[in-house]
Amino acid sequence: MTTPAPSATIRDLRESVRSGARSAVEICRETLARVRASDPALHAFHTVTADRALARAADLDRDRDRWRDAPLTGVPVAIKDNLCTRGVRTTAASKMLETFVPPYDATAVARLERAGAVMIGKTNCDEFAMGSSTENSAFGPTRNPWALDRTPGGSSGGSAAAVAARLAPLALGSDTGGSIRQPAALCGIVGLKPTYGRVSRYGLLAFASSLDQIGSLTLTVHDAAIALNVIAGADPADATSAPDPVPDYTAALTGDIRGARIGVPSRLLENGPGGPDGIDREVAGAFRTALDAFASRGATLVDVDLPHARHAVAVYYLVATAEASSNLARYDGVRYGFRAPFDRHDDALGSMYARTRAGGFGPEVKRRIMLGTYVLSAGYYEAYYLKAQQVRTLIARDYERAFERVDAVAMPTSPTPAFPIGERVADPLQMYLADVFTVSANLGGLPAVSVPCGFTAGGLPIGLQLVGRRFDEPTVLRLADAYERDTNWWKREPAHV
Ligand code: GLN
């Protein structure tokens, strides 16, 4: 049995199954062996569905003819644990859902399986996707495969670590304010947040419904395009999913970006929240060098102004917490999930709710529910929530105006590379400020991709972000792919795998 090439992409694996060089079962066994060897140190997975995966792979091999031309036949995939998987525990990394087994699949998960993918397990994340480091998981943090004492970012940190460590070529994540792109950047892989509505949210445990979007974590941009081909499209179960036709995203990857105009928001980069020291020197350097690479391929760099973008973090933490406080009201111990033990001295229903929520949610989730309840309450609604919605519109308009002159806007994905585990847990504001470059794409519903753009002297990955017009995934993917062809940063592998 051959050992899988550690850098195997979706494209390579798929081809090896199609040509008959390898069977789905072989690939599945090797993948599970890698997970067994590496995951104890990383903790990328909550649940590994080994038996189910092997049975599924055997089905694919048995029915080879039927599956020959499906886009993901035999490709192992990992699923963030806030996406429902029928018959497989789905916790959102919360004690509240520690034993929850959904009776249905998220649409994105069902689409992967219909395309021939083999789910190998559920990945760790921040509780209910609230966080930027995966440290808010009720089940312990995930470690960064590039430096085990550092976070992989978050909230889709388990998905990012799994792909970076070559435990799966594709993982699904969710991105409400950067949770796919930031961990992708911190782990040296590609993270794609599609346009709001491009991928059905059915079966995603809701955090902030007007911002949440499901997307992919992969090694390459081409793989991100393959994954989007499968998961994108209208879904009767999600009224916000877009009816727009789904193009073949791989067809957009021509390598030709001559004449493309890339906007650079220099003023934001110099004066973002946190001040001029906010961006790490090595991140700024790698970003500048990457811009030169785009220019050498024939793209034009254009200075753009996004005057309201510096308010994006404040706006995001008002809108997201308001929506979260409403969405999380359903976890009351009555219908499913954790319930505080019955206290026979106290038969009031309200007390059962209170004890369930006090015991089931972790500190960050409670902080957000309280913030969100506060900003929605009478007397504060106008000053906070309504104001935030108005500024949200201004931020979206800034982008619309910029897109009259440019085809995409480039920024670093994260102002710093991966930070040490524990460094920011006591300082939520510091943690929130790190979302400065990612949240505005969610506020505007825009597609955005993070692609590796280098390493620090200490060997930590750095990511570059491209934000595009609504439904213009083809352009952001084409630009990112062209850059990747010139640089191939993804081929470097972390030592800790
Ligand atoms: N880091 C952001 C937050 O904590 C984004 C999370 C996300 O995208 N799910 O809310």
Side-chain angles (χ1 to χ4, degrees), residues 80-83 92-94 123-137 141-142 151-160 171-187 191-194 196 199 201 204-217 273-274 312-325 327-328 361-372 375 388 392 413-416 418-419 424-425 427-450 463 465 467:
K80 185 176 181 179
D81 210 19
N82 64 350
L83 286 157
S94 181
T123 57
N124 197 13
C125 55
D126 286 296
E127 185 176 3
F128 285 103
M130 297 176 190
S132 310
S133 68
T134 317
E135 291 166 291
N136 296 335
S137 166
T142 295
T151 87
S155 64
S156 313
S159 286
L172 288 188
S174 64
D175 190 314
T176 306
S179 278
I180 289 174
R181 291 159 286 154
Q182 183 257 20
L186 271 44
C187 289
L192 173 66
K193 181 201 91 72
Y196 183 78
V199 177
R201 290 180 294 114
L204 169 66
L205 301 176
F207 162 11
S209 308
S210 77
L211 303 162
D212 294 342
Q213 185 56 207
I214 296 169
S216 63
L217 295 110
V313 169
V315 169
Y316 169 82
Y317 278 94
L318 292 169
V319 174
T321 56
E323 294 186 21
S325 70
N327 272 326
L328 271 59
F361 289 134
E364 181 62 23
V365 173
K366 286 181 189 158
R367 179 180 297 126
R368 305 241 182 155
I369 292 174
M370 288 190 289
L371 275 170
V375 306
R392 177 180 187 171
T413 308
S414 160
T416 67
F419 44 93
R424 297 183 189 171
V425 274
D427 187 353
L429 188 60
Q430 187 63 23
M431 192 79 97
Y432 296 173
L433 286 175
D435 300 331
V436 51
F437 298 129
T438 49
V439 291
S440 50
N442 302 77
L443 292 169
L446 307 169
V449 68
S450 179
Q465 180 183 210
V467 182

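No experiment lies behind these values; they were computed from the predicted model shown. Numbering of ligands and ligand atoms starts at 1, following listing order. One is the number of the first residue; the rest follow in order along the sequence.
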Trainee: For residues 435-447, pull every pair meeting salt bridge (charged side-chain N to carboxylate O under 4.0 Å, His left out), keeping only residues two or more places apart or in separate chains.
Mentor: none
Trainee: Which heavy atom of Leu328 sits nearest to which heavy atom of Ala206, and what is that distance?
Mentor: CD1-O, 3.8 Å
Trainee: I'd like to check the salt bridge (charged side-chain N to carboxylate O under 4.0 Å, His left out) partners of Glu323; sequence neighbours left out, ordered by chain and number.
Mentor: none
Trainee: Main chain of Phe437, side chain of Gln465: is a donor-acceptor contact present, judged purely on distance under 3.5 Å?
Mentor: yes
Trainee: Listing by chain and number, which residues have a heavy atom under 4.0 Å from ligand 1?
Mentor: Ala129, Met130, Gly131, Ser132, Ser155, Asp175, Thr176, Gly177, Gly178, Ser179, Phe207, Tyr316, Tyr317, Arg368, Asp435
Trainee: List the residues meeting salt bridge (charged side-chain N to carboxylate O under 4.0 Å, His left out) with Asp126, not counting sequence neighbours, and say none if there are none.
Mentor: none
Trainee: Which residue is it: Thr413, Thr438, Asn442? I am looking for the one with a side chain to side chain donor-acceptor pair (under 3.5 Å) to Arg181.
Mentor: Asn442
